[in-house]
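Here's the structure we're looking at; comments come further down.
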Amino acid sequence: CYTAGMSTLNAMTLADLLALPDDGKLYELVDGEVKEKEMGFEANFIAAAIAHCFVEQLYKKGRGVPAVETLFRAPAWEEGHARRPDVIYI
(Lines give C-alpha, C1' and ligand atoms only; values in the text may rest on other atoms or scores of the structure.)
Protein backbone atom coordinates (compact mmCIF):
# COMPACT_ATOMS: atom_id res chain seq x y z
CA CYS A 1 0.00 0.00 0.00
CA TYR A 2 1.20 3.51 -0.76
CA THR A 3 -0.01 5.20 2.46
CA ALA A 4 2.38 3.74 5.03
CA GLY A 5 4.04 6.39 7.14
CA MET A 6 2.63 9.32 5.20
CA SER A 7 2.65 12.69 6.95
CA THR A 8 1.53 16.14 5.90
CA LEU A 9 5.18 17.00 5.19
CA ASN A 10 5.29 14.52 2.33
CA ALA A 11 1.66 14.62 1.27
CA MET A 12 1.02 13.33 -2.23
CA THR A 13 -0.39 15.44 -5.04
CA LEU A 14 -2.63 14.48 -7.93
CA ALA A 15 0.47 14.31 -10.15
CA ASP A 16 2.06 11.86 -7.69
CA LEU A 17 -1.08 9.71 -7.69
CA LEU A 18 -1.24 9.63 -11.48
CA ALA A 19 2.44 8.68 -11.66
CA LEU A 20 1.96 5.51 -9.57
CA PRO A 21 2.25 2.22 -11.46
CA ASP A 22 -1.04 0.67 -12.54
CA ASP A 23 -1.63 -2.31 -10.28
CA GLY A 24 -5.26 -2.80 -11.32
CA LYS A 25 -6.68 -1.22 -8.16
CA LEU A 26 -8.61 2.03 -7.83
CA TYR A 27 -7.20 4.82 -5.66
CA GLU A 28 -8.34 8.21 -4.37
CA LEU A 29 -6.36 11.07 -2.87
CA VAL A 30 -7.73 12.21 0.50
CA ASP A 31 -5.89 14.88 2.50
CA GLY A 32 -2.69 14.05 0.64
CA GLU A 33 -2.95 10.32 1.34
CA VAL A 34 -3.56 7.66 -1.28
CA LYS A 35 -6.49 5.45 -0.29
CA GLU A 36 -7.61 2.33 -2.10
CA LYS A 37 -11.23 2.41 -3.15
CA GLU A 38 -12.81 -0.99 -2.74
CA MET A 39 -16.26 -1.80 -4.06
CA GLY A 40 -18.04 -5.10 -4.02
CA PHE A 41 -20.49 -6.58 -6.48
CA GLU A 42 -23.58 -4.99 -4.93
CA ALA A 43 -22.07 -1.48 -4.91
CA ASN A 44 -20.90 -1.87 -8.51
CA PHE A 45 -24.32 -3.14 -9.57
CA ILE A 46 -26.07 -0.17 -7.95
CA ALA A 47 -23.62 2.31 -9.51
CA ALA A 48 -24.20 0.75 -12.94
CA ALA A 49 -27.98 0.94 -12.47
CA ILE A 50 -27.78 4.63 -11.53
CA ALA A 51 -25.51 5.38 -14.50
CA HIS A 52 -27.96 3.55 -16.77
CA CYS A 53 -30.80 5.76 -15.51
CA PHE A 54 -28.69 8.85 -16.23
CA VAL A 55 -28.04 7.59 -19.75
CA GLU A 56 -31.72 6.87 -20.41
CA GLN A 57 -33.11 10.05 -18.87
CA LEU A 58 -30.44 12.68 -19.54
CA TYR A 59 -27.56 11.63 -21.81
CA LYS A 60 -29.82 10.56 -24.68
CA LYS A 61 -31.37 14.05 -24.52
CA GLY A 62 -27.97 15.74 -24.77
CA ARG A 63 -27.91 16.84 -21.14
CA GLY A 64 -24.48 15.68 -19.96
CA VAL A 65 -22.45 12.53 -19.51
CA PRO A 66 -22.43 9.96 -16.68
CA ALA A 67 -19.19 8.34 -15.52
CA VAL A 68 -18.56 5.43 -13.14
CA GLU A 69 -15.43 5.18 -10.94
CA THR A 70 -13.67 8.05 -12.72
CA LEU A 71 -10.94 9.97 -10.87
CA PHE A 72 -12.21 13.53 -10.41
CA ARG A 73 -10.74 16.69 -8.96
CA ALA A 74 -12.99 19.72 -8.54
CA PRO A 75 -11.27 23.04 -9.27
CA ALA A 76 -12.36 24.44 -5.88
CA TRP A 77 -10.75 21.60 -3.90
CA GLU A 78 -7.41 22.08 -2.23
CA GLU A 79 -4.41 20.22 -3.61
CA GLY A 80 -4.25 16.75 -2.11
CA HIS A 81 -7.82 15.78 -2.97
CA ALA A 82 -8.96 13.67 -5.92
CA ARG A 83 -11.98 11.46 -5.46
CA ARG A 84 -13.46 8.59 -7.42
CA PRO A 85 -17.24 8.77 -6.96
CA ASP A 86 -19.29 5.66 -7.62
CA VAL A 87 -21.27 7.65 -10.21
CA ILE A 88 -20.85 11.23 -11.35
CA TYR A 89 -22.91 13.18 -13.86
CA ILE A 90 -21.16 15.96 -15.74
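Numbers here are sequence positions counted from 1.
Between E36 and R84 no salt bridge is recorded (no basic side-chain N to carboxylate O distance below 4.0 Å).
For the pair A47 and M39, the tightest heavy-atom approach, listed with the atom from each and the gap, is CB-CE, 4.4 Å. Listed here is the closest heavy atom pair of H81 and D31: CE1-OD1, 2.8 Å. Taking every heavy atom of both residues into account, K61 and Q57 meet most closely at CD-O, 3.3 Å. Residue A51 comes nearest to P66 through the heavy atom pair O-CG, 4.1 Å, listed as atom of the first residue, atom of the second, then distance. Of all non-hydrogen atoms in R73 and L14, the two that sit nearest each other are CD-CD2, 3.7 Å. Of all non-hydrogen atoms in T13 and L29, the two that sit nearest each other are C-CD2, 3.4 Å.
Across D86, V87, I88, a single residue satisfies side chain to side chain contact (heavy atoms under 4.5 Å, CB included) together with E69, and that is D86.
When the side chains of ILVMFWY residues are joined at heavy-atom separations under 4.5 Å, either directly or via intervening members, V68 and F72 end up in two distinct hydrophobic clusters. In the hydrophobic clustering of ILVMFWY residues, with side-chain heavy atoms under 4.5 Å counting as a link, M12 and L18 come out together. L58 and V65 fall within a single hydrophobic cluster, where Ile, Leu, Val, Met, Phe, Trp and Tyr side chains are chained together by heavy-atom contacts under 4.5 Å. Cluster membership check: F45 does not share its hydrophobic cluster with F54, using side-chain heavy-atom separations under 4.5 Å among Ile, Leu, Val, Met, Phe, Trp and Tyr.
In terms of modelled atom types and a separation under 3.5 Å, the side chain of Y89 and the main chain of Y59 share a donor-acceptor contact.
E79 contributes atom CD, which lies 8.5 Å from atom CG of D16 (distance to the nearest 0.5 angstrom). In this structure, D22 CG and Y27 OH are separated by 9.0 Å, a value rounded to the nearest 0.5 Å.
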Practice task
Evaluate side-chain contact (heavy atoms from CB on, under 4.5 Å) for R83 paired with K35, printing each intermediate quantity in order.
Solution key: CA-CA 10 Å; R83 301 307 299 257; K35 306 230 179 217; over 6 Å; no
Exercise for the section: Go through the steps to decide whether T70 and I90 satisfy the test side-chain contact (heavy atoms from CB on, under 4.5 Å), and finish with yes or no. Expected result: CA-CA 11 Å; T70 301; I90 305 166; over 6 Å; no
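Residue E42 qualifies as open at atom CD: its count of foreign heavy atoms under 6.0 Å is 12 or below.
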